[in-house]
Amino acid sequence: MMSAARVCAIAVLALALAMGIGRFAFTPLLPLMIRDGLLPGNGGAWLASANYLGYMLGAAWAGSLALPAVRQLQASLLGIVVLTLAMALGESLLAWTALRFAAGVLSAWAMVATSAWALQALAQSNRSGLAGVVYGGVGLGIALAGLFCLFAARPGVGSPRLWLELGMLAALLAAAALFLLGPSPPPATMTRMDARGSIPRGCGVLVLCYGLFGFGYILPATYLPALARTFVDDPQRFGLAWPLFGMAAAISTLLAAWALRYANRLRLWAACNLLMAVGAVLPSLWPTLTAIVIAALLVGGTFMIATMIGLQEARARAPTAPTALLGRMTSSFGLGQTLGPLTSAAFAYLPISSGAALDFALQLAGLGLVLSAVLLWRMAGH
């Protein structure tokens, strides 16, 4: 049987690559692509939405693939490396949109496969409490990608070069994860994904709350560095928002694993959503660099806790066949985060400034998070 430490190491590397680079590397690179004049108008919103749409469809598709979870994970990591490198070669919005969509699909496959494989392997070792370490990989990946862009954004270096270098970093992470996984994983790690099975009664509100969470967190998670750039044009300064977001996410999952020993799971999730709502709305009400830093800490420090609790709650409500509910939850989350940037883009067509359009979208995101918190608190009382 593979040791719990090795399982955690593989999962952390996989999620750092799949989420930190495959999903969220676009966030610190967005202001640099805008600086280079590569994206027209609302191009950033369309690229972000394409990635999130791919994530939603990939999550729905993941459970129906005729592959063991570990094979799905291996294929996803290699594909994300190729797609990241290809971003350096794209020269049109259409090409970048297709690449970001495909990266979203593979990121969802990697997230679902890693969750299914790693959590089962830890349960077999009686080390389920290490789930916080596993999901800390997302925050570490975000911080790593953010710090990389922060230091790699040298004068005269364009965003295509940064995509190429980020692809090389992705290749190193994939190589490390695949080396630890080995060519022939033990039979216990070859569990097949199976999306068949019914959704337990009473889970509709849970699925809705996970979708509202996806809608609420995604706008600050997409636009914080771009918002910071409106106050300071130096990449060495506005780029700090994303590493702060990632480090807060990484630390938060470890703290949550401790807090869950004493706190009600749904109420902790509700509290996280309320803090996240404050972080989402704050830059629209107090447009300063300080507000953006606070927002990065509030949203970064809560979104992975909500992600982890949502997945754990799904497994607890469907212990014998969780994949169907996990897929429904992840698809709802993906729909919510797809609608976030599209809402911002839609507001931009109103006779208001682009800044006001984003402010309205952020406030709507905060409202969705508050609604989710109320529903979760009520569920916890039943």
Side-chain angles (χ1 to χ4, degrees), residues 16-52 54 78-104 106-107 141-175 219-246 289 292 296 341 344-345 348 354-355 358:
L17 168 56
M19 307 301 285
I21 295 179
R23 282 286 312 289
F24 290 118
F26 176 68
T27 298
L29 282 170
L30 172 60
L32 301 177
M33 294 179 77
I34 293 173
R35 178 202 64 186
D36 295 342
L38 299 177
L39 292 178
N42 293 322
W46 291 112
L47 287 182
S49 292
N51 184 258
Y52 306 147
L78 292 174
I80 291 169
V81 171
V82 173
L83 292 170
T84 304
L85 290 168
M87 283 294 293
L89 306 177
E91 296 182 354
S92 70
L93 182 61
L94 181 60
W96 285 320
T97 299
L99 290 170
R100 295 307 296 155
F101 174 84
L106 293 183
S107 295
I142 290 172
L144 179 62
L147 288 170
F148 174 84
C149 292
L150 183 67
F151 292 108
R154 305 175 298 276
V157 176
S159 53
R161 172 66 181 272
L162 294 179
W163 276 113
L164 181 63
E165 294 177 353
L166 199 57
M168 295 177 182
L169 175 61
L172 290 175
L173 292 175
L219 282 171
T222 300
Y223 289 109
L224 279 175
L227 285 169
R229 184 174 178 265
T230 63
F231 298 103
V232 54
D233 198 44
D234 181 1
Q236 303 296 322
R237 295 182 63 192
F238 72 70
L240 280 171
W242 198 236
L244 285 174
F245 184 100
L289 194 58
I292 291 169
S344 175
S354 59
L358 182 56

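Only a predicted model underlies this, so the values are computations on that prediction, with no experimental measurement involved. Heads up: numbering here begins at 1 and tracks the sequence.
- When the side-chain hydrogen bond (donor to acceptor under 3.5 Å, both in side chains) test is applied to Thr222, the partners found at least two apart in sequence or on another chain are Tyr52.
- Here the CG-CG distance, from Leu244 to Leu147, works out to 9.0 Å after rounding to the nearest 0.5 Å.
- A distance of 6.5 Å separates CD1 of Ile21 from OG1 of Thr84, quoted to the nearest 0.5 Å.
- The line from CG of Asn51 to CH2 of Trp46 is 15.0 Å long, rounded to the nearest 0.5 Å.
- Screening Leu89, Leu32, Leu38 for a side chain to side chain contact (heavy atoms under 4.5 Å, CB included) involving Pro160 leaves a single residue, Leu38.
- To the nearest 0.5 Å, atoms CD1 (Ile80) and CE (Met19) are separated by 9.0 Å.
- Legend: residues meeting side-chain hydrogen bond (donor to acceptor under 3.5 Å, both in side chains) with Thr97, ordered by chain and number and at least two apart, are absent.
- Put simply, CD1 on Ile142 and OG1 on Thr27 are 8.0 Å apart, with the number rounded to the nearest 0.5 Å.
- Looking only at distances, no side-chain donor or acceptor of Trp163 sits under 3.5 Å from a matching main-chain atom of Ala86.
- If you take CG on Leu173 and CG on Leu144, they are separated by 6.0 Å, rounding to the nearest 0.5 Å.
- Without hydrogens or angle criteria, Arg100 side chain to Gly22 main chain gives a donor-acceptor distance under 3.5 Å.
- Of the possible polar contacts, none joining the Arg35 side chain to the Leu30 backbone as a donor-acceptor pair under 3.5 Å is found.
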